[in-house]
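Notes follow once the structure below has been shown.
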Amino acid sequence: MNSDLSSRQVRDIGEQGILEILQRFCPPDIIGDDAAVLAIKAEESLVVTTDMLVDGVHFSDITTSPEDAGWRASAANLSDLAAMGAFPLGITVGLGLPGDLAVSWVERLYQGMTECLQKYNVPILGGDIVRSPITTLAITAFGQANPNVIIRRSTAQVGDAIIVTGIHGASRAGLELLLNPQIGQNLKSEEKEALIKAYQRPNPRLDVIPILKEIFTSPYPISISGMDSSDGLADAVLQICRASRVGAILEQSKIPLPSAFHKWLTPAQWLHPPQASLNYALYGGEDFELVLCLPPPAALTLVQKLGAGASIIGTITPELTVILQYENEKVPDQALSLSQGFQHFS
């Protein structure tokens, strides 16, 4: 970070000054014109997604450093590409900045974005900056995928197994620990740190895409339906079912939760939504795992290849409802709905 700028505000150096700083985070051979030019391989489709993040809604100084906010912003967009089965090519960033925001905050934001993107060799291709009363990021991510192996929400079939690629509820638990440090007193420091890291530094599941490509193109090609769980596990299953005009049965005991929950929460909280752990997994969101529907034999193969955390949690059914079943016969089955999770404007 430039020490000369560390105490200055955005209005002190203006748009061109900010651009000069942020262009250092972009490949010099791509930026500088009115648009970036990307070469796409033959027989490949361009996949584009846009995500907005607003101060006080998606991040805050209480729970995220500027670096963490940048990491999460990048991860959210890369996760959308992973959910489509696409490999990332690059991102553009639109910034709305208050004039009294510290320049150092903006630079640290980009450092966090770059730390996440570098893991996957993804460049920042440019963007735009405007004055805004609230700090806002609008990121557009570009990816490429073979048109024959793109993952869609609308192709789930009755009898498909439903897979999650990893544990759910950790991100929401990490947020709760940041907002209420007094909770989780039974947890070891490393267990708390792991939950907080799940919230502040999530990892998009781009590692799953090469494995899915193998399954797509194996001797008997199959269709894979899915999306990511950034808005919660329940939301993902419900959205897939709505788009595919099917239903689902989920098994509560098969949903992979953080092991630390056993020490943090009481048995009653484990079993009865909307309390604590299960509610975190179903509706907490921002776990950035993939929720996938595919034939049972291929599902078993995928779970074996993914290893720890991956699990088959249910089955696609012909009924147009999503039901959560419990092993405990005293606990009634529960119908899930989109209204139970986070919704903007509600």
Only distances under 3.5 Å count here; give the side-chain donor-acceptor pairs of residues 72-88 to other protein atoms, sequence neighbours excluded, each with its distance to 0.1 Å.
from	atom 1	to	atom 2	distance (Å)
Arg72	NH1	Tyr199	O	2.8
Arg72	NH2	His58	O	3.2
Arg72	NH2	Glu286	OE1	3.2
Arg72	NH2	Glu286	OE2	3.0
Ser74	OG	Gly70	O	3.3
Ser74	OG	Met113	O	3.4
Asn77	ND2	Ala73	O	3.0
Ser79	OG	Asp228	OD2	2.7
Asp80	OD2	Thr49	OG1	3.4

Please name the pair of heavy atoms, one in [X] and one in [Y], separated by the smallest distance, quoted to 0.1 Å.
| X | Y | value |
| --- | --- | --- |
| Glu43 | Pro147 | O-CD, 3.3 Å |
| Pro123 | Leu89 | CD-O, 3.1 Å |
| Phe261 | Ala173 | CE1-CB, 3.5 Å |
| Ser154 | Ser225 | N-OG, 4.0 Å |
| Ala234 | Leu336 | CB-CD1, 4.1 Å |
| Ile222 | Ala298 | CD1-CB, 3.5 Å |

Partner residues of Phe25 under the ring pair (Phe, Tyr, Trp, His ring centres under 6.0 Å) criterion, sequence neighbours left out
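Phe25 satisfies ring pair (Phe, Tyr, Trp, His ring centres under 6.0 Å) with Tyr110 once adjacent residues are dropped.
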
Between Glu289 and Ser229, is any side-chain donor less than 3.5 angstrom from a side-chain acceptor?
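Distance-only check fails for Glu289 and Ser229.
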
[X] [atom1] to [Y] [atom2] distance, which is reported to the nearest 0.5 Å:
| X | Y | atom1 | atom2 | value |
| --- | --- | --- | --- | --- |
| Gln144 | Ile150 | CD | CD1 | 11.0 Å |
| Glu115 | Gln111 | CD | CD | 7.0 Å |
| Ile224 | Leu212 | CD1 | CG | 4.5 Å |
| Arg108 | Glu67 | CZ | CD | 4.0 Å |
| Ser60 | Leu179 | OG | CG | 7.0 Å |
| Leu292 | Ile240 | CG | CD1 | 7.5 Å |

Do [X] and [Y] share a hydrophobic cluster, counting only Ile, Leu, Val, Met, Phe, Trp and Tyr and linking them when any side-chain heavy atoms are less than 4.5 Å apart?
| X | Y | value |
| --- | --- | --- |
| Val303 | Ile249 | no |
| Ile163 | Ile215 | yes |
| Leu22 | Val122 | yes |
| Ile255 | Met227 | yes |
| Ile211 | Leu300 | yes |

Walk me through it: do Asn203 and Lys119 pass the test side-chain contact (heavy atoms from CB on, under 4.5 Å)?
CA-CA 10 Å; Asn203 288 300; Lys119 290 184 63 177; 2.8 Å; yes

Pairs meeting criterion salt bridge (charged side-chain N to carboxylate O under 4.0 Å, His left out) with involvement of residues 180-195, two or more places apart:
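For residues 180-195: Glu191-Lys263.
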
May I have all residue pairs that pass salt bridge (charged side-chain N to carboxylate O under 4.0 Å, His left out) and include part of residues 47-62, sequence neighbours excluded?
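For residues 47-62: none.
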
Hey, does the side chain of [X] reach the backbone of [Y] with a donor-acceptor pair shorter than 3.5 angstrom?
| X | Y | value |
| --- | --- | --- |
| Thr63 | Leu175 | no |
| Asp235 | Gly232 | no |
| Arg8 | Ile13 | no |
| Asp128 | Gly94 | no |

Flag side-chain contact, heavy atom, 4.5 Å: [X] against [Y]:
| X | Y | value |
| --- | --- | --- |
| Tyr280 | Pro258 | no |
| Phe288 | Pro204 | no |
| Trp71 | Pro202 | yes |
| Ile151 | Leu290 | no |

Hey, can you pull the donor-acceptor pairs under 3.5 Å for the side chains in residues 130-139, sequence neighbours left out?
from	atom 1	to	atom 2	distance (Å)
Ser132	OG	Ile134	N	3.2
Ser132	OG	Ile134	O	2.7
Thr136	OG1	Ile134	O	3.1

Derivation of the side-chain contact (heavy atoms from CB on, under 4.5 Å) call for Val246 and Asp160
CA-CA 11 Å; Val246 294; Asp160 279 354; over 6 Å; no

Run the side-chain contact (heavy atoms from CB on, under 4.5 Å) check on Leu282 and Leu324 step by step: do they pass?
CA-CA 10 Å; Leu282 292 173; Leu324 183 67; 3.9 Å; yes

Looking at residues at least two apart in the chain, or sitting in another chain, which of them share a side-chain contact (heavy atoms from CB on, under 4.5 Å) with [X]?
| X | result |
| --- | --- |
| Gln118 | Thr114 |
| Asp68 | Thr64, Ser65, Gln200, Arg201 |
| Asn121 | none |
| Asn146 | Glu44, Asn148, Val149 |

Those residues that, when tested against Asp12, pass salt bridge (charged side-chain N to carboxylate O under 4.0 Å, His left out) (two or more places apart):
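So Asp12 forms no salt bridge (charged side-chain N to carboxylate O under 4.0 Å, His left out) with any residue.
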
Pairing residues for Arg152 by the salt bridge (charged side-chain N to carboxylate O under 4.0 Å, His left out) criterion, not counting sequence neighbours:
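Salt bridge (charged side-chain N to carboxylate O under 4.0 Å, His left out) check on Arg152 returns nothing, list empty.
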
Going by atom type alone, with no hydrogens or angles, which donor-acceptor pairs under 3.5 Å involve a side-chain atom of residues 304-320 and a protein atom two or more places apart or on another chain?
from	atom 1	to	atom 2	distance (Å)
Ser311	OG	Lys254	O	3.0
Thr317	OG1	Ala248	N	3.3
Thr317	OG1	Glu319	OE1	3.4

I need the single residue from Leu95, Ile21, Ile129 that forms a side chain to side chain contact (heavy atoms under 4.5 Å, CB included) with Val106. Which is it?
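Answer to the side chain to side chain contact (heavy atoms under 4.5 Å, CB included) test with Val106 among Leu95, Ile21, Ile129: Leu95.
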
